[in-house]
Structures are given as structure tokens and as C-alpha cells.
Amino acid sequence: MPELPEVEVVRRGLARWASGRTVASVEVLHPRAVRRHLPGAADFAARIAGSTLDEPRRRGKYLWLPFGDAAVLAHLGMSGQLLVGEADAPPQRHLRVRLAFADDGLDLRFVDQRTFGHLMVCPLVPDPRGGEGGVPDVIAHIAADPFEPVFDDEAFFKALKRKQTGVKRALLDQSLISGVGNIYADEALWRAGLHGERPTARLTGAQSALLLRSVREVMDEALRAGGTSFDSLYVNVNGESGYFERSLNAYGRRDEPCARCGTAILREVFMNRSSYSCPRCQPRPRLVR
DNA sequence: GGAAGGACCTGGAGGC
DNA sequence: TGCCTCCAGGTCCTTC
């Protein structure tokens, strides 16, 4: 599933293959892929055609290709892929949007099996987080991701203390920290030795710092491995899978021995999805009356 | 206003 | 072989 490391791998691919190129035409093959572009598919295509794409940028799981004072914003959802390939290559089964370029070179395709991903065109606005360059207006509300220089560790800790929720839910809250999804939340919590239901208000400064360090470590290692691919649903722009899945310690390891203590990894249902943890290294918090 | 739960969506896997 | 059910999860919307 595309989380921050996977999206960053895609961004780097787009930087090589798409930036500086002029879009000749846009073909929307499935309207759901541009459902968040409210003026519709025809407007989406017309806005992009003729534009020269700048260096792609990313915040959390969102990436965007700026052109002028606007950008093509992409979210890959669960199964979205941005692929470059020969312009005359046959269409993929779940091809949703295709961009052809004026240089007649490789085209850019948005392929998405489960259609949770989307593309849209939106204006760039000044970054409320203080970062350089503009950000698409529709994602101005999300937090910086933990690799951005503007991410404030102390402000993150203070926000956790104000919340009345569990630490995993907080990690998945893109208004607190962006880019963390279910896989890396579980991995970071395993590294930090924290149970996902531990109340954020009861975390110490040291625990918050350890958690952030764990998030950064696991994502950095995943990025070096090209991302996490459980199946063909995540690939880079050239269609290649990452191999960080082999390094996961908790996620997807149900009943396998914990790499630290040997206790069987536990799978629980959390927020209508799976949550994996070691019951010994990550003890469930005690109820406070 | 904040927290929590459900809907959306598709296809692979497994059971019968 | 075919049908049915379950599962995967990011984001938005609704409910409490």
C-alpha cells in the first residue's frame, strides 16, 4: 500500500521522467479517478493539456506536479500507480488516466485497481506550515510529514497531549503527522514498544521522541529498499516492486515469533482494519479509573 | 468540537 | 467450475 516511502519513490521517478515535459493530451478513461476534480473530467483534461510540468513535490502521501500557479495533485489510495511507458504500449487492465507528451516520448499512466486513488487539478497556495513553495489548496490542512524540515517535534508532542485518543489513531491522523499509514504505524509502534491503544495524553516526552524516531527510521529503511510491496499493487514508475516487506517485524506477521522476544505476533481488528503487535513488547495499556 | 465508526471500492483468496 | 464471503485500507462523512 502506498505510504510515504512508496510515494517518495514514485516522486523520484516522476522527477526523472515527467518534469520539464509538456503535456500534449489527457485521456480520462474512468470518471472516478478524477471525482474530486469537481468541474469534471473534460475540465481536468483541458486544464493540463499544453502545460509544462515542473519538478514533482510531495507531502505525506500526496504528490503533485506543479505547472504555473496550479498543480496536478495525485493520491494513490490503496492501489494507485503512476507508470511511465511506451506510448503505443497496450492499455493496462485498470488504466484510469493517460497523459501523452508533446515530445512523443514515454507517456504517463494512472492505473488504479481499487479506485481509492484520485487525480485533480488545484491552485497552489502559500504553505501554512511555513515550507518553501506553494501547496495545493485542498491539502493545506494536513500536517507536514516527519521528513520535512518544517515538522515540529515539540508541537507534535503537545498536540498528542491535547488529544483524547490512542497513539495509533493519532499516527494515522494526517492533521497531526502526514504520510503514516497502517503498515508503518504498526512497525513504528513495534520499534517503540508502544501499544496502539495507549492514550496519547499519557505519553511522556521521551516516548513521543522515541515514537517519532521509530517512524523516521522505519520509513527511511523502507525508502532505501524501494518501498513495501505485498503484491503488484505498489510499484515504482517503471513497474518494479520494492522489497521492504521482507524487513517488517510486526505488520502481516500474525502468529510468527517476535524478532525481539519470540512471543507470537498478535493480530487485532482496529478501525475496521488489521493491527499487528507483540503482546509482550507492546503491552496493552491498563485502564485508568 | 472532538472522537469513533462506517461507507466507498475492487479483485484475490478460500470455502463449499 | 461457479458462487459466495471475507479481506485489504486511506479518506471522507455521519453520528454521538
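With rounding to whole Å, Q81(A) atom CD is found 16 Å from dT10(B) atom P. Rounded to an integer number of Å, the gap from K168(A) NZ to dA3(B) C1' is 17 Å. The distance between atom CZ of R32(A) and atom C1' of dG10(C), rounded to the nearest whole Å, is 11 Å.
Nearest to the side-chain atoms of R267(A) among the listed nucleotides dA8(C), dG10(C), dT10(B) stands dA8(C). If you check dA4(B), dG10(C), dA3(B) against the side chain of K163(A), the one that comes closest is dA3(B). Of the listed nucleotides (dA8(C), dG10(C), dT10(B)), dT10(B) has the atom at the smallest distance from the side chain of H94(A). Minimum atom distance to the side chain of Y62(A) is reached by dC12(C), of the listed dG10(C), dC12(C), dG12(B). When each of dT11(C), dA8(C), dG10(C) is scored by its nearest atom to the side-chain atoms of Q174(A), the top-ranked nucleotide is dT11(C). In the set dG11(B), dA7(B), dC9(B), the nucleotide with an atom closest to the side chain of Q113(A) is dG11(B). Counting only heavy atoms from C-beta on, H75(A) has its side chain closest to dT11(C) among dT11(C), dA8(C), dG11(B).
Taking for each of D173(A) and R273(A) the nucleotide of DNA chain B with the nearest heavy atom, the 5'-most of the two is the partner of D173(A).
No single ILVMFWY cluster, assembled from side-chain heavy atoms under 4.5 Å apart, contains both F151(A) and Y62(A).
Taking a cutoff of 4.0 Å between a charged side-chain nitrogen and a carboxylate oxygen, E221(A) and R191(A) qualify as a salt bridge. Of the charged side-chain nitrogens involved, none lies within less than 4.0 Å of a carboxylate oxygen, so that E3(A) and K61(A) do not count as a salt-bridged pair.
R59(A) and S178(A) are not linked by any side-chain donor-acceptor pair at a separation below 3.5 angstrom, with hydrogens and angles left out of the test.
R35(A) comes within 4.0 angstrom of nothing in the nucleic acid, heavy atoms only. Residue R169(A) is in base contact, counting any heavy-atom pair closer than 4.0 Å across all strands shown.
One cannot find a donor-acceptor pair under 3.5 Å joining the base of dG11(B) and the side-chain atoms of R114(A).
More than 12 non-hydrogen atoms from other residues, nucleotides or ligands lie less than 6.0 angstrom from NZ of K161(A).
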